[in-house]
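Read the structure below first, then the notes.
Numbers restart at 1 for each chain; the letters A, B, ... are given by sequence-line order, proteins then strands.
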Number of protein chains: 2
Amino acid sequence: MASEHDTDRRAARVSAPSTAAQARDTLRDAILRGEYLPGERLVEAQLCERLQASRFNVRAALQDLSAEGLVEVQRNRGAQVRKVSMAEAVEITEVRMVVEGLIAARAAERVAPEQATELDEIGVLMRRAVEAGEHRRYSDLNVRLHALVRSIAGHQTADRIVETLRGQLVRHQYMLSLLPGRPQTSLPQHERIIAAIRDRDPKAAEAAMRDHISSVIDALRSMDYLGPA
Amino acid sequence: MASEHDTDRRAARVSAPSTAAQARDTLRDAILRGEYLPGERLVEAQLCERLQASRFNVRAALQDLSAEGLVEVQRNRGAQVRKVSMAEAVEITEVRMVVEGLIAARAAERVAPEQATELDEIGVLMRRAVEAGEHRRYSDLNVRLHALVRSIAGHQTADRIVETLRGQLVRHQYMLSLLPGRPQTSLPQHERIIAAIRDRDPKAAEAAMRDHISSVIDALRSMDYLGPA
DNA sequence: GAAGAGGTGATTGTTGACAATCTTGTAAGC
DNA sequence: GCTTACAAGATTGTCAACAATCACCTCTTC
């Protein structure tokens, strides 16, 4: 049932995740993968079996994920996967917009020649993927681009916040990628971001990144009309 | 963020803060007030007495504050008040700059007439405080101004993040307020923020807020030369 | 005298049991 | 029939004891 996935620092072992940190990572992965739906109750006893961890560690994991905004804990009522309303999703993305704008600006200030080359390469691959209609590939490249920009910027604080915010709306983002015509809209935006960073123009990079994420917000809002799943 | 019942964290009632949330709030207050210095070890047994709470709740409190970035916990090595380096303080303030910029812009979009009046009142009081050399009073008004702007904006996500970031560098901010000449620098910046929001000009409000916090960053950097206490 | 091994006290990590609380299902009263 | 009261079950909150680990000190060895 579980296929190993990429995405993070260390692969989650399902064999013996006895410690608190392992339980937390495994549970986070499960939620992000959609194995628990928003609003679903997370009963401690069940999680103990699922994660092969003691209740103590399960509890710690839930508390951690609560701080990350992935689950919601109510006193004496247990935990449930946090439901993120459309309004909240917009708020979250607005914050992401300004913070990633900061990251882009800083990336433009610090980019090294090899990194600029790597950015351009991703840009080329993106265009090819869109022209070939390979949505999945384009989506992967999108993730890679944002990650590369963040690594160029080297801004730990901003990084952490963006990562947390991203986690809170994976579900919405997934739905977003299914919107028809999205790649045609976002490709030129991505190219502008790449160009601005490559040209070491912080202001242009920030503006390009904000424009890009701003259009993501518009897309989110349009989804709201189609149906607030 | 987990518990909905947010009691104001003012009174240091040591009488019966038995629950986890109370222990957390009391401990946070103590750290923010400087009763525990950065780098100082937080031994669970000692905290049990200090907070009149069981070790279980103390542990939960430490975990929460770790998620907030106020303390750092190392496995098998206990917790200590997190040391925020100058570089980190700058990073944190940079993120605060863009997020509070977003908040200011949104406040300018949504400000109601009564709120505009209240802003102006704070502006007048600030000027008086500076002219009278009442630093403490000016500092309080500063906090009040930022809080009012945030309440006008009504942006929960941004609010939460700014609040968390603020907590992480209370120590630095305190030192900052002692810098001579600071009020003379920041007063006109505050007045620009107020004017932009009052005039319902989001772009100007964002720019003014960013300029203001940008100068805070400069001040932070200058402190670094004086001595990285 | 320096380096390493080993023991000891202090501190944290974990467990299982028990108490407090909420939810659900059922029955009585209007 | 509908609402309210109550009891049973399920779930979470809390605790105190025990196990694991670490930091420090002493002693041996070269």
Arg41(A) has an atom CZ; how far is it from atom P of dT24(C), in whole Å?
-> 8 Å
Quick check: are there more than 12 heavy atoms from other residues, nucleotides or ligands sitting under 6.0 Å from CD of Glu109(A)?
-> yes
For residues 67-80 of chain B, the salt bridge (charged side-chain N to carboxylate O under 4.0 Å, His left out) pairs (sequence neighbours left out) are Arg28(B)-Glu68(B)
Gln63(B) CD to dT12(C) P, in whole Å, measures 14 Å
Distance-only, no hydrogens or angles: does the Gln52(B) side chain make a donor-acceptor pair with backbone N or O of Glu49(B) under 3.5 Å?
-> yes
Rounded to the nearest Å, what distance is computed from the CZ atom of residue Arg24(B) to the P atom of nucleotide dT14(D)?
-> 12 Å
Between Arg82(A) and Glu88(A), is the closest basic N to carboxylate O distance under 4.0 Å?
-> yes
Between Phe56(B) and Glu44(B), name the one whose nearest nucleotide on DNA chain C is closer to the 5' end.
-> Glu44(B)
Heavy atoms from other residues, nucleotides or ligands near CD of Gln156(B) exceed 12 (cutoff 6.0 Å) = no
Would you tell me if any nitrogen or oxygen in the side chain of Asn57(B) comes within less than 4.0 Å of OP1 or OP2 on dC15(D)?
-> yes
Member of Leu32(B), Val170(B), Val81(B) meeting the side-chain contact (heavy atoms from CB on, under 4.5 Å) criterion with Leu70(B) = Leu32(B)
Check every atom of dT12(D), dT15(C), dT12(C) against the side chain of Arg59(A) and return the nucleotide holding the closest atom.
-> dT12(D)
When the distance from CD of Gln46(A) to P of dT11(D) is rounded to whole Å, what number comes out?
-> 7 Å
Does anything in residues 71-83 of chain B reach DNA chain C, meaning a heavy atom under 4.0 Å, and if so which residues?
-> Arg75(B), Asn76(B), Gly78(B)
Quick one: label Leu62(A) by what it contacts on the DNA or RNA (base, sugar-phosphate, nothing), any heavy atom closer than 4.0 Å.
-> nothing
Nucleotide of dG13(C), dA17(C), dT11(D) approaching Arg55(A) most closely (side-chain heavy atoms) | dA17(C)
Which listed nucleotide (dT11(D), dT15(C), dC15(D)) is nearest to the side chain of Ser54(A)?
-> dT15(C)
